[in-house]
Amino acid sequence: QVQLVESGGGLVQAGGSLRLSCAASGRTFSSYAMGWFRQAPGKEREFVAAISWSGGSTYYADSVKGRFTISRDNAKNTVYLQMNSLKPEDTAVYYCAADTKTGWGTSPYEYDYWGQGTQVTVSS
């Protein structure tokens, strides 16, 4: 079992920055990959970024590449999403997720544990 708790969301103006955190507990954190997803009203949940168990490999959606950075601190059982140059279209509920079975990927179906989500709102 893995429990995930996100924090760091909020309201920011376009061009601003936010850093999301996701604290994990339960199963050994360094044994599984992590991902961030987001869901805007009326839209499907979409992949944002993923990071391997060691942090040595990362992958990003084209829409956030160059603006967002995913990282993890296995000593603190925490994964981060640094979001820079935010745009109104980044507005969504952001979820962290753990993939304890398949390795790591971009489909939400590959992730078996989810946090409750944190709201990010970018004003124009």
Side-chain angles (χ1 to χ4, degrees):
Q1 291 284 340
V2 175
Q3 295 78 43
L4 303 171
V5 179
E6 302 99 334
S7 61
L11 173 64
V12 64
Q13 289 189 331
S17 298
L18 281 175
R19 187 176 83 154
L20 305 182
S21 299
C22 174
S25 60
R27 182 170 167 171
T28 303
F29 183 66
S30 59
S31 67
Y32 52 86
M34 294 292 297
W36 285 96
F37 290 77
R38 66 187 182 186
Q39 189 166 18
K43 295 188 177 181
E44 293 186 352
R45 191 166 298 191
E46 67 171 352
F47 171 77
V48 175
I51 188 166
S52 62
W53 63 271
S54 67
S57 296
T58 57
Y59 188 74
Y60 297 92
D62 287 343
S63 59
V64 306
K65 201 173 296 183
R67 299 188 298 122
F68 291 11
T69 302
I70 188 172
S71 62
R72 66 190 296 162
D73 185 337
N74 286 346
K76 296 183 177 180
N77 292 352
T78 303
V79 64
Y80 304 97
L81 186 68
Q82 178 66 44
M83 305 185 294
N84 299 328
S85 302
L86 282 160
K87 305 175 181 180
E89 51 264 43
D90 294 319
T91 295
V93 177
Y94 282 71
Y95 299 90
C96 67
D99 182 351
T100 68
K101 297 179 180 177
T102 69
W104 64 314
T106 61
S107 169
Y109 299 103
E110 297 179 80
Y111 291 79
D112 42 349
Y113 296 98
W114 293 82
Q116 82 288 351
T118 186
Q119 177 71 46
V120 172
T121 303
V122 184
S123 63
S124 57

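FYI, side chains are in, hydrogens and waters are out, and symmetry mates aren't considered; it's all heavy atoms of this structure. Note that the numbering runs from 1 along the sequence shown for the chain.
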Open item on the list: Show, in sequence, the C-alpha distance, side-chain angles and deciding distance for Gln119 and Thr91, and conclude whether the side-chain contact (heavy atoms from CB on, under 4.5 Å) test is met.
Closed with: CA-CA 8 Å; Gln119 177 71 46; Thr91 295; 4.0 Å; yes

Which pairs would a plain distance check flag for residues 36-51, meaning a side-chain donor or acceptor within less than 3.5 Å of a matching protein atom at least two apart in sequence or in another chain?
residue	atom	partner	partner atom	Å
Trp36	NE1	Tyr80	O	3.4
Arg38	NE	Glu46	OE2	2.6
Arg38	NH1	Asp90	OD1	2.9
Arg38	NH1	Tyr94	OH	2.9
Arg38	NH2	Glu46	OE2	3.2
Gln39	OE1	Arg45	NE	3.3
Gln39	OE1	Arg45	NH2	3.4
Gln39	NE2	Lys43	O	3.1

Just distance, no hydrogens or angles: give the donor-acceptor pairs under 3.5 Å from side chains in residues 14-22, sequence neighbours left out.
residue	atom	partner	partner atom	Å
Ser17	OG	Asn84	OD1	2.9

Open item on the list: Show every salt bridge (Lys or Arg N to Asp or Glu O under 4.0 Å) that has at least one partner inside residues 92-118, sequence neighbours left out.
Closed with: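 Non-adjacent pairs meeting salt bridge (Lys or Arg N to Asp or Glu O under 4.0 Å): zero.
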
Open item on the list: With salt bridge (Lys or Arg N to Asp or Glu O under 4.0 Å) as the rule and sequence neighbours excluded, what pairs involving residues 2-16 come up?
Closed with: none

- [ ] Please say whether more than 12 non-hydrogen atoms of neighbouring residues, nucleotides or ligands are located less than 6.0 Å from OH in Tyr113.
- [x] yes

Task: Spacing of Lys87 atom NZ and Ser124 atom OG [to the nearest 0.5 Å] - done: 14.0 Å

Task: Leu81 side, atom CG; Arg72 side, atom CZ - distance, nearest 0.5 Å - done: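 Rounded to the nearest 0.5 Å, the CG-CZ separation comes to 13.5 Å.
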
Open item on the list: Could you work out, with side-chain contact (heavy atoms from CB on, under 4.5 Å) as the rule, every residue matching Asn77, not counting sequence neighbours?
Closed with: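 Asn77 satisfies side-chain contact (heavy atoms from CB on, under 4.5 Å) with Phe29 once adjacent residues are dropped.
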
Which atom names give the shortest non-hydrogen contact between [X] and [Y], and what distance separates them?
{"X": "Val120", "Y": "Gly9", "result": "CG2-CA, 4.2 Å"}
{"X": "Asn74", "Y": "Trp53", "result": "ND2-O, 3.1 Å"}
{"X": "Ser85", "Y": "Arg67", "result": "O-NH1, 3.0 Å"}

Task: ILVMFWY network linking Ile70 to Tyr95, side-chain heavy atoms under 4.5 angstrom - done: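 In one cluster with Ile70: Tyr95, no.
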
Open item on the list: When you group the ILVMFWY residues by side-chain heavy-atom contacts below 4.5 Å and let the links chain together, are Val12 and Met83 in the same group?
Closed with: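 Result: yes, single cluster for both.
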
Open item on the list: Suppose clustering is done on Ile, Leu, Val, Met, Phe, Trp and Tyr with side-chain heavy atoms closer than 4.5 Å. Which residues sit in the same group as Val5?
Closed with: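 None; Val5 is a cluster of one.
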
TODO: Please lay out, stage by stage, how Tyr111 and Thr102 fare under the test side-chain contact (heavy atoms from CB on, under 4.5 Å).
DONE: CA-CA 8 Å; Tyr111 291 79; Thr102 69; over 6 Å; no

